[in-house]
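Structure, as structure tokens:
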Amino acid sequence: MKLGTYIVKRLFLMIIVMFGVATIVFFITHVIPADPVGAILGGNAPIELVDQMRHQLGLDKSIPLQFINYMEGIVHGDFGVSLKTNRSVLKDIIDFFPATIELAIVSMIFATIVGVVLGILSAVYRNKVIDHFSRVFSILGVSMPVFWLGLLLLLLFYYRLGWLPGGGRNSLFIFPPHITGLVLLDSVIAGDWTSFWDGLRHIILPAFVLGYASAASIARIMRASMLDVLRQDFIRTAKSKGLSKRVVIYRHAVKNALIPVVTIIGLSFGSLLSGAVLTETIFSWPGLGRYIVNALLVLDYPAVTGGTLFIAFIYSLANLIVDISYAVLDPRMRV
Amino acid sequence: MRGNLLDITKLKVVFYTYRGVIKALNGVELWMNRGERLGIVGETGCGKSVTALSIMGLVEQPGEIVEGKIAFEDKILTSMNGDALNKIRGNDLAMIFQEPVAALNPVMRIGFQIAESISRNKKKNEIKQVYPEVRRMLELVGLDWKRTIDLYPHELSGGMAQRAMIAMALSSKPKLLIADEPTSALDVTIQAQILELLDELVKKFGNAVILITHDMGVAAEFCDKIAVMYAGNMVEYANTTDIFENPIHPYTRGLLRAVPKIGRTDELESIPGVVPDLVDPPPGCRFHPRCKYAMDACKEKFPSLLEVGPEHYVACHLYLKEEMKNAN
Amino acid sequence: MQTEVTTQYLIHVKHLKKYFPTKRGLFSSAKYVKAVDDVSFDIPKNSTFGVVGESGSGKTTLGRTILRLIEPTSGTIRYIETDINSLNSKELRIFRRKMQIVSQDPYNSLHPRKLVKNIIGEGLKIHFQLSSEEIYEKVKDILEQVGLREEHMFRYPHEFSGGQRQRIAVARALVLKPEFLVLDEPTSALDVSVQAVILKMLKDLKRDFSLTYLFITHDLAVIDYMADYVTVMYLGQIMEFGTKDDIFLAPAHPYTFLLLNSIPNPDPRIKKKKVIPMGEIPSPIDPPTGCRFHTRCPYARDICSNVEPEMKEVHKGHFVKCHFPLG
Amino acid sequence: MSEVKGVAQKGRFKLFLERRKPIIEDWKHTFYLWKSTTLAMVGTVIIFVFFGIAIFAPLLTSYDPIAQDLDNRLLPPSSQHLFGTDQYGRDVFSRVIYGSRVELWIIFIVSIISVGIGTLVGIIAGYFGGAVDEVLMRITDMFLAFPRLVLAMAFTASLGPNLTNTIIAISFVDWTVYARLARAEAIKVKSQPYIEAIRGLGAKNTRIMAFHVLPMSISPVIVQLTLRMGTIILTAAGLGFLGLGAQPPIPEWGAIVSDGRSYLVQQWWITTFPGLAIAIVVLGFNLLGDGIRDILDPRLRR
């Protein structure tokens with residue numbers, strides 16, 4: 001009951017934030033650019049073409065009017081037509097998004113498992129070999145530029161060793177079944193193991209590259225959180241009850257230590273989406289990140305607007321889920 | 001063994017910190033019999049809690065027991081390994097703490113936490129089988145089990161949480177219950193309730209109790225015997241009435257004169273100086289820099305424990321000297 | 001010729017209320033924690049006015065509201081003739097010189113990154129145009145008054161013990177030469193042997209600086225040692241008020257009586273049979289109707305749960321808010 | 001006469017030192033903690049070397065980082081060209097060395113802008129609370145609803161990709177971190193008894209905020225800033241790599257990595273060295289930031 005109210009409240013807040021997000025995007029795409037059309041067509045374009053384009057983009061109207069049109073469009077899910085692909089931006093997003101979300105989910109799972117496990121081991125065996133390893137792993141993870149790591153791994157595993165494919169989601173002559181758009185999931189549903197195996201081989205490198213930084217930061221926070229919890233009074237109580245070390249750690253400490261980590265997992269999702277832009281570019285992954293980058297490079301404003309808004313929406317949704325799971329995990333939050 | 005339940009000899013505990021080694025316990029001597037109620041009193045940093053944690057085997061990094069022996073019945077706790085200790089902890093030994101809400105796991109229901117102390121390392125579904133016993137314990141400590149068994153600690157008041165802790169500690173019928181400042185965080189009226197409850201239950205179960213407190217009043221009301229600690233040493237040990245009516249150690253006397261009491265008309269007296277830094281404690285008797293009777297001997301050697309009356313022990317050179325005189 | 005001695009009052013508090021809004025649900029209306037709920041009293045000049053109560057009684061809020069560190073919800077507070085409530089923020093800042101507070105926690109009441117010299121000198125800088133030499137001298141003098149030395153001026157708070165920190169906090173308040181001092185549990189975080197020194201010092205300072213104290217504590221023994229007048233609070237209201245002797249020798253309110261009965265006595269010869277209040281302190285968000293204490297009172301009758309008792313004078317200067325006063 | 005005065009001066013200086021002994025002790029203690037934290041020291045050394053390289057860049061290399069030399073294209077590392085040359089015959093070593101100036105400049109300006117705005121917003125929101133807080137924090141939330149790089153990308157693309165706009169875009173994205181942190185700190189500090197005591201002395205809000213809340217709130221901000229300096233470089237390099245940051249021929253590290261992408265298989269050195277430079281410097285900042293956090297940790301200090 002109380003949890004329900006909390007969710008309603010958070011949803012309400014999210015709507016306000018999304019309104020602000022849309023305003024910021026409007027500002028970026030409609031107000032800041034001095035002369036978008038000039039930028040797109042170049043300085044020497046004939047005047048009729050410029051006018052036609054201004055009209056097409058709605059730039060001949062006043063800023064407030066543009067804003068109203070823009071907001072109306074968003075509410076109806078209409079982001080306009082991409083200048084580059086000449087298709088509805090929404091259609092483009094629906095096409096490109098599954099690749100991104102698949103990559104993000106796989107990375108997230110990888111990052112969470114590795115991060116949490118390393119963090120726990122690191123805290124329990126503090127100052128032992130595993131702790132040192134995990135700390136080096138973490139500090140490197142948050143220091144390495146994603147794109148550089150990606151390139152080096154590509155060089156090693158694709159060009160030099162040839163163990164893994166060099167990019168894309170599937171090999172040339174493999175056609176995965178199309179149900180949800182998530183290759184791995186669809187292959188499992190259709191029972192197409194060739195396609196599954198192929199998809200898995202393709203996703204390993206990008207998912208590792210993308211998830212590494214998150215795994216590192218989750219491991220760091222998990223370690224710190226564990227150490228903090230292990231110092232708490234209730235852990236002493238658990239020990240005084242005669243519980244074995246294992247029970248104390250796994251039953252009493254881990255759940256408490258996970259609570260702050262949940263926030264980090266949510267925040268990691270943001271850096272994951274950021275990183276996806278770079279990873280997708282390197283691994284020719286046909287996702288939304290690459291779509292936005294390409295749109296930005298040619299100043300395809302409708303595509304930029306739609307893509308950015310959509311990413312922000314997904315990120316906010318992820319944060320909402322995190323906040324709710326936070327409330328589920330920690331009974332103190334439900335007051 | 002000086003006591004048939006517990007005997008601590010020359011217990012030394014240190015904590016390693018960046019400031020240096022804190023010599024928290026400096027050869028503590030303490031003993032008690034079955035079914036007795038022993039009060040340990042003293043001010044912040046005197047080592048009351050560390051003594052309790054040592055008995056429980058809960059002194060952990062960066063702390064370490066470097067010397068001494070803790071005998072519990074026929075077992076030597078200080079030479080036991082973790083598994084063996086786990087069998088005694090929560091079985092023969094139980095403990096309750098100062099901040100009851102913080103001492104309970106915030107993400108577990110009260111009922112489960114009590115059940116866990118009965119069935120301990122078993123699987124979760126097996127733990128649920130002891131719930132009838134949990135209900136009985138909750139009733140016993142004056143809580144309505146229907147309302148409390150499924151609550152989380154933060155939903156309890158301090159007094160209720162302490163009752164739950166007591167239920168948890170007593171559920172395994174321990175031979176010795178250690179209560180570390182169990183009422184310091186509570187209001188006086190609630191304190192009175194909790195002390196009454198403890199009194200009643202301990203009478204019923206016949207547990208021995210170590211009550212750690214800084215409140216002389218609480219010790220006077222609850223305990224049969226009192227041990228006074230100062231800066232890591234036990235300095236005086238006697239029956240409660242003896243401690244209050246015939247205190248011998250200069251520190252015990254000073255402490256009693258500093259306590260405000262209703263209806264007291266004389267001025268409060270304070271002990272000059274401050275509690276020493278235990279990284280670099282004074283040599284000899286650690287109280288000598290604050291003691292108005294300090295002699296040369298006090299600066300050199302810690303006085304050994306001396307029986308000055310029936311079951312009245314004190315560690316002070318002043319009486320050692322008199323004893324010598326009498327002997328001569 | 002003897003003129004009639006009339007008591008002079010320094011502080012007048014009338015119908016003071018402080019309600020804190022609690023967090024409101026999306027669809028539920030706002031609720032309030034009634035921390036101080038219609039409290040009136042006068043503090044005689046040069047007296048120690050003790051306020052005693054358990055947690056949730058509103059004693060701390062009361063102290064802060066009187067100084068307007070918290071804005072009162074309603075009611076008036078007068079300082080001799082000045083209505084503190086009607087001062088604007090600039091006037092209030094100037095007026096603050098006269099009334100100071102020493103709070104409970106000696107570990108957090110001093111700015112951890114400032115030298116003692118600056119902690120104590122801050123008030124002087126705010127209120128007076130003084131050269132740094134003058135400030136130095138004044139800080140030095142006041143430190144000596146509270147039993148510290150000049151060399152302590154160049155240290156950080158963390159280098160001091162709890163008792164010494166509390167001395168510094170007192171010095172910070174006294175350097176402005178105030179007339180009125182709110183002491184909010186000044187010794188509850190200290191060990192007994194240290195508490196004794198601080199309490200004695202506070203008594204001496206009161207005499208030397210002719211101060212008036214509002215002394216807030218949960219410890220009845222301390223209030224017995226310090227106070228001239230005692231106010232017993234429960235759930236935001238005054239239950240009983242009188243001189244120290246009234247309260248300790250002839251308590252008229254059952255709550256006061258039970259409170260006195262609950263204190264463990266450091267004298268093992270006295271083994272009294274205790275009467276202890278039942279149950280726990282109710283939430284100040286939904287205080288009980290009628291007499292607020294009726295839920296825990298062993299003497300409660302039907303009327304107590306419905307009708308709120310009036311404050312009545314059982315004998316001169318001794319007031320009690322109870323339908324059936326004891327004694 | 002003057003001699004006597006000199007002695008008096010000296011005495012005064014001694015007294016000055018004597019009185020400030022605790023402050024000096026405090027610094028000594030900080031220094032001791034820093035020395036005993038090996039990783040923090042490694043971090044400090046890395047950062048100092050990085051600063052040194054940026055300042056003395058012209059002394060460290062004789063090649064012009066921008067001048068093309070098509071006769072010497074794509075040469076592997078040698079004693080002539082430590083890190084080899086790129087597709088235009090530019091010395092990669094020289095480009096990496098001069099690149100440090102670009103990165104340092106970005107860090108410097110972004111830090112000032114984002115910490116300035118963030119701390120100001122955060123402290124005002126935290127100190128006053130209520131409606132002010134609500135409005136400022138909702139605005140912050142709006143910025144936080146974007147994945148950082150995506151927002152920065154949109155900004156630079158819109159403003160026109162160049163170095164200045166990269167800096168503006170990153171600052172625009174980064175200030176929210178400090179705003180949240182400073183707010184949380186301000187709320188914590190505001191409710192401390194010592195702040196109430198100062199208010200009780202009669203101090204104004206502005207005085208309390210500037211002299212008491214700000215200094216207490218700033219240290220976590222500084223720690224965060226040190227930790228985030230690495231992130232700033234990563235973001236700048238990411239933008240550069242995508243072609244949305246500093247434009248050629250400016251030797252920005254991310255852009256250099258991007259330059260070498262097409263030559264990855266045969267001429268690995270073009271990508272490897274600038275990437276390594278980024279990783280090492282970011283590592284340095286992270287180690288230093290962790291170290292500072294540990295040193296400022298009151299649990300360690302007390």
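Below, chains carry the letters A, B, ... as their sequence lines are ordered, and counting in each starts from 1. These numbers come from a predicted model, not from an experiment.
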Once you round to the nearest 0.5 Å, how far does [atom1] of [X] lie from [atom2] of [Y]?
{"X": "C/Ile263", "Y": "B/Asp215", "atom1": "CD1", "atom2": "CG", "answer": "10.0 Å"}
{"X": "B/Asp277", "Y": "C/Ser161", "atom1": "CG", "atom2": "OG", "answer": "12.0 Å"}
{"X": "B/Leu268", "Y": "C/Leu199", "atom1": "CG", "atom2": "CG", "answer": "6.5 Å"}
{"X": "C/Asp267", "Y": "B/Glu245", "atom1": "CG", "atom2": "CD", "answer": "7.0 Å"}
{"X": "C/Ser193", "Y": "B/His214", "atom1": "OG", "atom2": "NE2", "answer": "12.0 Å"}

Practice item. For B/Gln193 and C/Gly279, indicate whether the former's side chain and the latter's backbone hold a donor-acceptor pair under 3.5 Å. Key: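 Yes; at least one donor-acceptor contact below 3.5 Å.
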Check your understanding: Within the distance-only criterion (no hydrogens, no angle test), does the side chain of C/Glu280 pair as donor or acceptor with the backbone N or O of B/Ser157 below 3.5 angstrom?
Key ->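 Not at all, since once roles are kept as given, no pair shorter than 3.5 Å links the two residues.
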Check your understanding: When heavy-atom pairs shorter than 4.5 Å are enumerated against chain C, which of B/Thr189, B/Thr241, B/Val188, B/Ile271 gives the highest number?
Key ->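 Of the options given, most contacts go to B/Thr189.
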Practice item. Sort out for me which of B/Gly158, B/Ser270, B/Ala219 touches chain C most, counting heavy-atom pairs under 4.5 Å. Key: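 Top option by heavy-atom pairs under 4.5 Å: B/Ser270.
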Check your understanding: Heavy-atom distance under 4.5 Å to chain C: side chain of B/Gln191, backbone, both or neither?
Key ->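 Side chain of B/Gln191 only, per the 4.5 Å heavy-atom cut-off to chain C.
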For [X], which atoms come within 4.5 Å of any heavy atom of chain B: side chain, backbone, both, or neither?
{"X": "C/Lys244", "value": "neither"}
{"X": "C/Leu190", "value": "neither"}
{"X": "C/Asp191", "value": "both"}
{"X": "C/Gln195", "value": "side chain"}

For residues [X] and [Y], report the shortest heavy-atom separation together with the two atoms involved.
{"X": "C/Arg296", "Y": "B/Ile190", "answer": "NH2-CD1, 4.0 Å"}
{"X": "B/Glu221", "Y": "C/Pro264", "answer": "OE2-CA, 3.4 Å"}
{"X": "C/Glu54", "Y": "B/Asp187", "answer": "OE2-CB, 3.1 Å"}

